[in-house]
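Everything below concerns the one structure shown next.
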Amino acid sequence: MRRKAFSLLEACWETGCMAVSQTMTKSTAYDFEQVERTWQQRWEEQDLYRVDEDPSRPKYYCLEMFPYPSGRLHMGHVRNYSIGDVVARFKRMRGYNVLHPMGWDAFGLPAENAAIQHNIHPSKWTWENIDFMRRQLKRLGISYDWRREFASCHPDYYKWTQWLFLRFYERGLAYRKRASVNWCPNCATVLANEQVVQGRCERCDTEVTTRELEQWFFRITDYADRLLEDLDRLEGWPEKVKTMQRNWIGKSYGVEIHFPLQGRDGHLAVFTTRPDTIFGATYMVVAPEHPLVDTLIEDAPGKDEIRRFIEDVKKQDEIARTSEEGDKVGVFTGSYCINPFTGEPIPIWIGNYVLMGYGTGAIMAVPAHDQRDLDFARAYDLPVRVVIAPPEGEAPDAATMTEAYAEPGVMVNSGPFSGLPSQEGWQRIAEEIERRGMGRRRVQYRLRDWLISRQRYWGCPIPVVYCGHCGIVPVPDDELPVLLPEDVAFKPTGRSPLLDHAEFVQTTCPKCGGPAKRETDTMDTFVDSSWYFLRFADPHAADGPFGKEKADYWMPVDQYIGGVEHAILHLMYARFFQKVLADMGLSTAQEPFTNLLTQGMVLKDGAKMSKSKGNTVDADEIVAKYGADTARLFTLFTAPPERDLEWSDAGVEGASRFLNRVWRLVTELAAFLPGAAAGAQNGAAAGNGAALTEADRQMRRVIHRTVQRVTKDVEERFHFNTAISAIMELVNAFYQYKERGDAMNRAVVAEGLQKLVLLLAPFAPHLAEELWHRMGHEESVHLQPWPDFDPDVVRTEEIEIAVQINGRVRDRLVIDADASQEEMKAAALELERVRAAVEGREIVRIVAVPGRLVNIVVK
RNA sequence: GCCGGAGUGGCGGAAUGGCAGACGCGGGCGACUUAAAAUCGCUUGGGCAAACCCCGUGCGGGUUCGAGUCCCGCCUCCGGCACCA
């Protein structure tokens, strides 16, 4: 029987609260629209999420990857920021001084494409998008300190990107060189290695070609070892991301060996990780681009044919060489070098499978012990010589083998080294090479220097000028920023409009005052995002990129959250920057992000949402129809953060239904409480009553147990889905309890409602805030301490355990929670069904696990 | 090919080596209603008419009193890398 008095109207009357919708509706329906707007406004007026340095409290820096202002938020953004907001709000309630900022990664190609397609200036397009998306973010009610907002395309920011570039330049970490680089014909710009995916442009999927160009690079390879080593210290990073970075850096130990050329001066340098196989080297291969090629083919009879081959490979190179494992092709140069260990001549070939960009661009080929070399040897009928035998079993037959033996073993056919374990031989041969001055041990990385030049307009200008007299001259600090001119024309030629902007290009040399030309390339936008997390610590700094004290107070980021697609690119560049800045003394932290959470994608119909597939869900529509709290709750409840999330309209309905269920429960029960606030504040009152019935005690147990579960799930595991399901169970239990009507204990209800709303605050901040105020509180729920639980209340006196016979559950048993194993066994044997099952059989053993079960093993 | 991750009801997903399927969605039944929606209960892995029972966490083995969980060998899917010498 339900009390009629459980009406919203009366709830408000009795509590005398000043809550929002009191004045606007008599219906019990939850008006999310009104509630969310009102509180968003109130929070903003009160500057509720403003944060400053406070040495008296522990700091917590929670950061979500800032978005590119593409136009509108998608559900992936909603998910990302909802996750971050739970963390930020939870930590705030836990007493941390939480920095939770947001900004815009605002330089980039889409703005230029929009300029060409819709005849709108990239700047205008970008700023309009930012305005729109900022409104969307505010509509979601994420707890950002908006005073810290900035966009990377603003001169106040990119001035410091340029300033940092100059510091890199001074330290020799920014340099210019001519190199064969990746070129995307569609984007009409060069790309870093990291931006080429399977031979295609990461952004537009166009096949990437190569070009010889003079470009700016960052010397990230100088930091390869530190970037690799320090991965071991990042215990809060997913193993997967660390593995990807390790592979990308690709450290390998080997030996550079100089093979003297036969009949002429000089030598051919190769890099190998298997010096122990040198006696098996039957030919050499150099990359078509190798500088020695012209010399090597000088006297070859079919010189023209060889040249044609080289050109063919270079062309093939552009299309297929990286995208698929094509056939290995090559041609003999006509030249030989001498194997310094055997003295025999070895033919030098040119081959498509050797890359100029790795090692020395030349290899010694050991077909018996390297699959690629074996493939090539079989194709051109080159000799195969086995020099490593397996530790056990027979050595492969050189004449017939089709699979190279690449494992360690015992050296054979290797002169004085024969009989040695190959690993030992590795060192002995390396020593011998060094002793004879024919090379040295060395470490080789797969990682290349970071190509940062872009032949595009909408990016941060590289602050250098070219002077006929003085060469490359950095722009002096006091002339920064080098402003991106706004009055430029966009044509679909792919040519950067900066090239045609005479006022920009024509300048004077800061050194000699003579005429000079400005650099017209801009920086890769990954440069902008490599230090933004530091700027958030001091976003308005005017005399430096950020103040060291503030940076040192906030850094490193305690929790970083974003998509796994940035596992290599952004996350490695940012680590590189942080280390350089630490070396420069600008910031102390060696690593930028202590803990990393890589969220899964939002899928629909099993595929990533994309415009081209037409399976997108618009964040605005969902928020308009269900409200921000529902949108957030759905993304948090449907899957754990790191997994992919399959979109479900029914799931959104479910989230909405739950919030309404909470709304009804709390508003109705609030009416039951006289002076709700007083009771709610006094949780202890619920505990000291001998007046508590069994049902009251049980309800209290559920309340405290829920606090325990939610705290654990959020704090230790970031499992928001199970945290929310625990809250759902509490609500279900409350509905059961509510059936008791007047028999309910008011102190228990008050305590339960209070804790429920507090638990809900990080997940559904608007609803929680509204209910909190309706319960008679004046201060924001988001400023309250996180609820605690009493372990004594959680504990039960009696528990139900399973009783198994031979591992199968046959019965259940209610027993004292602290019963001894002996008591458990005895009680189990008393059971009717156990006696029947045991009758006439031998009990082999009995296992009793306190709190769990008893297992009786019979024969 | 190499390196990760994942395979659990109709679906999303839960389970420190200890009662598989929490919670939600969907379904079924009931209450309220003239009726429907909403809401509130109850119910819902499969087999059997049902009880008891049997079978169930991708497949095949193993360890264990006890395995979704640990070990060995496979299969499938997803992600990353891919001539890196």
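Numbered from 1 within each chain, the chains take letters A, B, ... in sequence-line order.
In this structure, the salt bridge (Lys or Arg N to Asp or Glu O under 4.0 Å) partners of A/R632, at least two apart in sequence or on a different chain, are A/D85. Listed by chain and residue number, nothing satisfies the salt bridge (Lys or Arg N to Asp or Glu O under 4.0 Å) test with A/K712 (two or more places apart in sequence, or in another chain).
When heavy atoms are screened at a 4.0 angstrom cut-off, A/V809 is found touching the sugar-phosphate backbone but no base atom.
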Across nucleotides 22-30 of chain B, 5' to 3', mark each nucleotide with B, S or - according to how protein heavy atoms within less than 4.0 Å reach it.
BBSSS----

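Side chains of A/Q698 and A/Y737: a donor-acceptor N/O pair is absent below 3.5 angstrom, by distance only. A donor-acceptor contact closer than 3.5 angstrom links the side chains of A/R575 and A/Q245.
Heavy-atom distances to RNA chain B give each of A/R808 and A/R274 a nearest nucleotide, and the one nearer the 5′ end belongs to A/R808. A residue-by-residue look at A/L645 and A/N247 shows that A/N247 has its nearest nucleotide of RNA chain B further toward the 5' end.
Classified by interplanar angle (parallel below 30°, tilted 30° to 60°, perpendicular above 60°), the ring pair A/Y353/A/F376 is tilted.
Comparing the C1' positions of B/G61 and B/C83 gives a spacing of 38 Å, expressed to the nearest Å. Taking the C1' atoms as reference points, B/C77 lies 24 Å from B/C71, given to the whole Å. Taking atom P on both nucleotides, B/C59 is separated from B/G26 by 30 Å, rounded to a whole Å. Between the P atoms of B/C29 and B/G80, the separation comes to 47 Å (whole Å).
Summarising the geometry, the separation between CG on A/D713 and C1' on B/G13 is reported as 14 Å, rounded to the nearest angstrom.
Of the possible polar contacts, one joining the A/E823 side chain to the A/S820 backbone as a donor-acceptor pair under 3.5 Å is found.
Looking at A/R246 and A/E239, a side-chain N of the basic residue comes within less than 4.0 Å of a carboxylate O on the acidic one, giving a salt bridge.
The phosphate of B/C2 has neither OP1 nor OP2 within less than 4.0 Å of any side-chain N or O from A/R246. Considering only side-chain N and O atoms, A/R833 lies nowhere under 4.0 angstrom from the phosphate OP1 or OP2 of B/C52.
A glycosidic torsion no more than 90° from 0 defines the syn conformation; B/G41 lies beyond that range and is anti.
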